[in-house]
Amino acid sequence: MDTNENPPENVGLENTSLPSVWDRQLAENSDFYKMAFQFQQIMMVYESAIKQLETKLDILNKENKVLGRRNPIETVKSRIKSPESIAKKLEKKKLPVTFQSMMANLTDIAGVRVICPYISDIYAVRDMLLKQPDIQLIEQNDYIESPKESGYRSLHLVIEIPVYLSETVHKVKVEIQLRTIAMDFWACLEHELRYKTTTKVPDSVRRELFRVAETIAMTDREMEEIAFELQAIE
Ligand code: 0O2
């Protein structure tokens, strides 16, 4: 903190010249401000869609607790895709990097990840969500039935949910990734390993990761069988 009670001589001068420079910059950059404002508005709508889904999942959680049922949801994680990641994805798909193009072509700007204890919970949560009349299924990719080449497993849904603003309604697409704790463990570590490596991941490492994914999938199935056995004798 400046404890000098006498201000330096040029402080007054600097202050009087500031507003005009600031005004000029505002005028020169008006496109930038318009775009920033538009981006903020768009992202607010995506964030609201995420909030609604989180509330729906929280209600299902609470209902299960009240009814004394086992909870099919372990954790819920959400994210909004970063502007850098949005631009990269559009460029990769050779699409224009504009707001219009982003909203029309990307279905994962808003993402919700639901982590479940067992494989059957994934489909139970999917069914509970899709039963709700304001949720519309747009696309489903079952990477549990048909895992990706890497060994990645999850159930991906793209859904549309309405967001009500003061004067408008927006149908917003959200990508929901449903996975078990074991699938999430693999996907998070594999993602981190891939992103930490600046060079191409060697084939031998890819094969190892695939093998680990298979082992994890087997463990997932075994844990579920144990749970079913216990349920049967309860
Ligand atoms: P982030 O940061 O997780 O959002 P597209 O979405 O159009 O690129 P595609 O094939 O239709 O392509 O999408 P896909 O594969 O159904 O879903 C993409 C998302 O699934 C990825 O998001 C990851 O979150 C996850 N995913 C897919 N394959 C793998 C994999 O091999 N390993 C891991 N760890 N995750 C995977 P983003 O956009 O890559 O990134």
Verdict with supporting geometry, Thr180 and Asp121, side-chain contact (heavy atoms from CB on, under 4.5 Å): CA-CA 8 Å; Thr180 60; Asp121 294 331; over 6 Å; no
How far does CZ of Arg179 sit from CD of Gln177, to the nearest 0.5 angstrom? 5.0 Å
Determine the minimum heavy-atom distance between Gly151 and Trp186, stating which atoms define it. C-CH2, 4.0 Å
Answer whether the closest heavy-atom distance between the side chains of Val76 and Asn61 falls below 4.5 Å. no
If you look at every heavy atom in Ile109 and Met43, which pair is closest and at what distance? CG2-CE, 3.9 Å
Under a 4.0 Å threshold between the charged nitrogen and the carboxylate oxygen, would Lys131 count as salt-bridged to Asp127? no
Exercise: identify the closest heavy-atom pair between Ile144 and Ile119: CG2-CG2, 4.3 Å
Quick one: do Met102 and Ile42 satisfy side-chain contact (heavy atoms from CB on, under 4.5 Å)? Show the steps, please. CA-CA 10 Å; Met102 163 186 106; Ile42 295 169; 3.7 Å; yes
d(Leu178 CG, Asp142 CG) to nearest 0.5 Å is 10.0 Å
Please find the pair of heavy atoms, one from Glu149 and one from Phe210, that lie closest to each other, and give the distance. O-CD1, 3.4 Å
Do Leu209 and Leu189 pass the side-chain contact (heavy atoms from CB on, under 4.5 Å) test, and can you show the C-alpha distance, the side-chain angles, and the key distance before you say yes or no? CA-CA 10 Å; Leu209 284 166; Leu189 293 187; over 6 Å; no
With distance as the sole criterion, is a donor-acceptor pair present between the side chains of Ser150 and Glu190 under 3.5 Å? no
Distance-minimising heavy-atom pair for Val163 and Val45: CG2-O, 3.9 Å
NZ/NE/NH1/NH2 to OD/OE distance under 4.0 Å, Glu225 and Arg221: no
Is the side chain of Thr75 donor-acceptor paired with the backbone N or O of Ile115 at a distance under 3.5 Å, no angle test? no
Polar side-chain atom of Glu139 near backbone of Glu175 as donor-acceptor pair, under 3.5 Å: no
Are Lys56 and Asp134 ion-paired here, with the side-chain N under 4.0 Å from a carboxylate O? yes
Between Lys88 and Glu84, is there a salt bridge with N-O shorter than 4.0 Å? yes
Keeping Ser154 on the side-chain end and His156 on the backbone end, is there a donor-acceptor pair under 3.5 Å? no
Measure the spacing between OG of Ser85 and CG of Asp108 and express it to the nearest 0.5 Å. 7.5 Å
Grouping I, L, V, M, F, W and Y whenever their side-chain heavy atoms are under 4.5 Å apart, do Val158 and Val174 come out in a common cluster? no
Shared hydrophobic cluster, Phe39 / Phe32 (ILVMFWY, side-chain heavy atoms < 4.5 Å): no
Can you tell me how far CE of Met44 sits from CD1 of Ile80, rounded to the nearest 0.5 angstrom? 11.5 Å
Drop me the distance from Asn141's CG to Leu157's CG, to the nearest 0.5 angstrom. 9.0 Å
Quick one: CD1 on Ile181 to CZ on Phe185, what's the gap to the nearest 0.5 Å? 12.0 Å
N-O pairing of Arg211 and Glu214 below 4.0 Å: no
Would Tyr118 and Met128 show up in the same hydrophobic cluster when neighbours are defined by side-chain heavy atoms closer than 4.5 Å? no
May I ask you to decide whether Arg153 forms a salt bridge with Asp220, counting only side-chain N to carboxylate O separations under 4.0 Å? no
Same cluster (ILVMFWY, side-chain, under 4.5 Å), Leu130 and Val112: yes
Show your working on side-chain contact (heavy atoms from CB on, under 4.5 Å) between Val114 and Leu129 and close with a plain yes or no. CA-CA 12 Å; Val114 186; Leu129 284 176; 5.5 Å; no
Leu155 reachable from Met223 in the ILVMFWY side-chain graph, under 4.5 Å edges: no
In short, Val201 meets Arg206 closest at the heavy-atom pair O-NE, 3.4 Å
Between Lys51 and Glu47, does the salt bridge (Lys or Arg N to Asp or Glu O under 4.0 Å) criterion hold? Intermediate values first, please. CA-CA 6 Å; Lys51 255 190 207 162; Glu47 276 163 21; over 6 Å; no
